[in-house]
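One structure is given here, and the rest of the page talks about it.
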Amino acid sequence: MPTATAIINLDIEGPRISRHLYGHFAEHLGRCVYGGFWVGEDSPIPNEGGIRLDVVEALRALDIPNLRWPGGCFADEYHWKDGIGPRERRPRMVNTHWGDVEENNHFGTHEFMALCELLGAEPYISGNVGSGTVREMSEWVEYLTRAGDSPMVRLRRANGREEPWRVRFWGIGNETWGCGGNMRAEYFADLARQYATYCRDHGDNTLYRIASGASDDDYKWTETLMRQINCFGCEAAPRTYYQALSVHYYTLAGPWEAKGSATVFDTEDYYRTMVSARRVDRILTGHSTVMDCYDPKRTVGLVLDEWGTWWDVEPGTNPGFLFQQNTLRDALVAGVHFDVFHRHAARLVMANIAQTVNVLQAMVLTDGDALVLTPTYHVFEMNKGHQDATSLPVHLRADDARRTVGDAELETVSVSASVKDGTLLVSLSNLDAEEPAEVSLDLRGGRVGEVRARILTADRLQAHNTPETPQAVAPRAFDGLSMTDRGPALTLPPHSFVTVQAPVALAS
């Protein structure tokens, strides 16, 4: 049996884990918005103003911190004024990116803001740089956030909203290297400065502008954007055109052209997936290192605003709708990502899983009036105690908890830890598909009280939840631990995710 020791110093504080690392993403894609969040006011499914309430209830249980909208690729063909005013008068458009279907614009700015209010989540709006204008995005900011009197304020009032909203997070374009305009980094860097200049703070609504960043390991893109705001090695504070850069990284088991099935896969596919998931650590390290050269004090944030697994669509569904099932494998990918995010919390300020409902690695799947919580949903719920917690450094000794996968080596035990309000939360994953792992927590600098643990696993990696079997993969109490004089010792079953929680008192 592989063994590992995780040394956790309870009295050495790491960076704060922003709650926004547990963010979400909703694009006008497939059944994410229509049939997911939005059913319309005439639907027999319980709703408030057309917003589906069982989805809201499920997401509120995750303490959802933010929601990114309207895309994605869709954002760069979306013109926000088409989505305000009486719904029956809103012009229609064709969603050319996702299924080539007609978009009726019934879910627009006011509906999105109402959704965020129901969720208790901060809005993160992705602006149209690809096919829009500087004026269009500037007016959207004014429409949403300005008080007093102005042309956009009067338009907002005419549409029924007197007071402005608070909207901090604004994305300047999306994937401008691809579907957002196929731009060169140098060209977009100039546009980012221009758009950021005209996206203004109104009143006390201070914008956090996020420039469209790199795909995967395109570190040159990140360097090009960083050169726009500071010089190499400078101690001066970066110019404040934008406050963060984004990056996108998806986990695949194979090539883009043949991603594989979400539910029909073998152990070899599984291990390749875990290697791909682990690669996010190297990706974030690379971009952070480049940013450190231009911003050594880490005042500019890194935002991973699209991440998750991407499989072939389920048979019989529209290939442009990106609907995939969600198995225990996906949940373990999420667990690994969060451990990495916690380690990068000094630079990584936000992350948004793609996507929240019915698309890619979703939290929730809907089918008519039925709603299913996915295995990935349960990882978010089990981990929500890390939000706005103080990370704790974890030193992992796990020399024999490894597997060779092709030409790569996979570490099969993953751990992260934090403390908040006197409570320790440790997250652990055993990625080995066949062998249990014995993991000892060596807790130093303090002592813990009564330990409670939960586990998420199943008899098969391919296990998933359906309306008929909604609890096939669900958390339960975990009793596979014992206490030693150094802390808990756990026997983690194969392919399992476990959280350990306990009150903590620091050594005097």
Side-chain angles (χ1 to χ4, degrees), residues 15-26 64-72 75 80 109 112-113 116-117 119-129 132 134 137-147 164-176 180 188-189 191-214 222 225-226 228-230 237-248 284 287-288 291 294-295 297-307 341 344-353 387-388:
R16 175 177 159 274
I17 299 169
S18 171
R19 67 185 184 280
H20 292 294
L21 296 183
Y22 286 80
H24 295 261
F25 174 30
I64 174 174
N66 68 70
L67 185 62
R68 180 176 180 244
W69 173 85
W80 69 271
T109 296
F112 173 66
M113 295 305 298
C116 288
E117 289 174 347
L119 292 171
E122 287 200 57
Y124 170 15
I125 290 180
S126 185
N128 183 346
V129 173
V134 174
M137 189 169 175
S138 175
E139 288 183 341
W140 203 2
V141 175
E142 179 186 334
Y143 182 91
L144 278 161
T145 66
R146 186 174 178 84
W165 289 280
R166 180 170 294 277
V167 185
R168 288 194 299 157
F169 301 124
W170 288 84
I172 302 174
N174 167 78
E175 293 190 1
T176 46
F188 171 69
L191 280 184
R193 288 170 53 145
Q194 180 186 14
Y195 272 74
T197 299
Y198 291 96
C199 291
R200 303 186 187 281
D201 298 339
H202 293 283
D204 63 354
N205 188 85
T206 302
L207 301 188
Y208 193 84
R209 304 166 186 87
I210 301 167
S212 170
T222 294
L225 289 178
M226 291 302 296
Q228 299 297 311
I229 57 177
N230 214 357
R239 292 183 288 273
T240 55
Y241 302 127
Y242 35 84
Q243 287 69 50
L245 312 180
S246 70
V247 61
H248 291 175
L284 295 178
H287 289 290
S288 297
M291 294 175 75
Y294 294 85
D295 176 32
K297 295 182 180 179
R298 296 182 175 177
T299 60
V300 179
L302 182 60
V303 174
L304 183 66
D305 54 14
E306 290 188 28
W307 69 272
F341 295 170
H344 286 273
R347 174 71 77 177
L348 190 69
V349 296
M350 182 188 290
N352 303 79
I353 193 165
Q387 294 186 28
D388 285 338

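Positions are given from 1 along the sequence.
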Tyr241 to Gln228 - nearest heavy-atom pair and separation:
CE1-O, 3.6 Å
Thr109 pairs by side-chain hydrogen bond (donor to acceptor under 3.5 Å, both in side chains) with which of Trp165, Trp140, Tyr143?
Trp140
Test side-chain contact (heavy atoms from CB on, under 4.5 Å) on Met137 and Ile125 and set out the steps.
CA-CA 10 Å; Met137 189 169 175; Ile125 290 180; over 6 Å; no
Within 45° of the six-membered ring axis of Tyr242 and under 6.0 Å from that ring's centre, is NZ or CZ of Arg209 located there?
no
If we count only N and O atoms by modelled type, under 3.5 Å, do the side chains of Asn352 and Asn66 hold a donor and an acceptor together?
yes
Would you indicate whether the side-chain heavy atoms of His248 and Asp305 approach each other to under 4.5 Å?
yes
Look up atom CZ in Arg168 and atom CD in Glu122, then write down how far apart they are to the nearest 0.5 Å.
4.0 Å
For Arg146, is there any backbone N or O sitting under 3.5 Å from a side-chain donor or acceptor partner on Asn205?
no
Hey, mind stepping through Phe169 and His20 against ring-ring contact (aromatic ring centres under 6.0 Å, His included) and telling me if it holds?
CA-CA 11 Å; Phe169 301 124; His20 292 294; 5.0 Å; yes
Atom pair CZ/CH2 of Phe341 and Trp307 - distance to nearest 0.5 Å:
5.0 Å
How close do Pro238 and Tyr294 get, counting heavy atoms only, and between which atoms?
CG-O, 4.5 Å
With the side chain counted from C-beta on, respond yes when Pro70 and Phe112 share a heavy-atom pair under 4.5 Å apart, and no when they do not.
no
Indicate the atoms forming the closest heavy-atom contact of Leu302 with Ser288, along with that distance.
CD2-OG, 3.9 Å
Quick one: does any side-chain atom of Ser212 pair with a main-chain N or O of Glu175 as donor and acceptor, under 3.5 Å?
yes
Take Leu348 and Leu21 through the side-chain contact (heavy atoms from CB on, under 4.5 Å) test and state the conclusion after the steps.
CA-CA 8 Å; Leu348 190 69; Leu21 296 183; 3.6 Å; yes
Taken to the nearest 0.5 Å, the spacing of Met226 CE from Met291 CE works out to 4.5 Å
Which pair of non-hydrogen atoms, one from Ile64 and one from Leu119, has the smallest distance, and what is that distance?
CG2-O, 3.8 Å
Mind checking the CD-CZ spacing from Gln194 to Phe188? Nearest 0.5 Å is all I need.
11.0 Å
With no hydrogens and no angle check, is any side-chain donor or acceptor of Ser246 less than 3.5 Å from a backbone partner on Gly213?
yes
Considering all heavy atoms of both residues, which atom of Ala211 and which atom of Leu225 are nearest to each other, and what is their separation?
CB-CD1, 4.4 Å
To the nearest 0.5 Å, how far apart are CG in Leu207 and NE2 in His202?
7.5 Å
NE2-CG distance between His24 and Leu67, expressed to the nearest 0.5 angstrom:
8.0 Å
Can you tell me if Ser138 uses its side chain to pair, donor with acceptor, with the backbone of Tyr198 under 3.5 Å?
yes
Residue pair Arg68, Asn174: steps toward the side-chain contact (heavy atoms from CB on, under 4.5 Å) verdict
CA-CA 11 Å; Arg68 180 176 180 244; Asn174 167 78; 2.7 Å; yes
Would you name the heavy atoms of Met113 and Leu144 that are closest together and state the gap between them?
CG-CD2, 3.8 Å
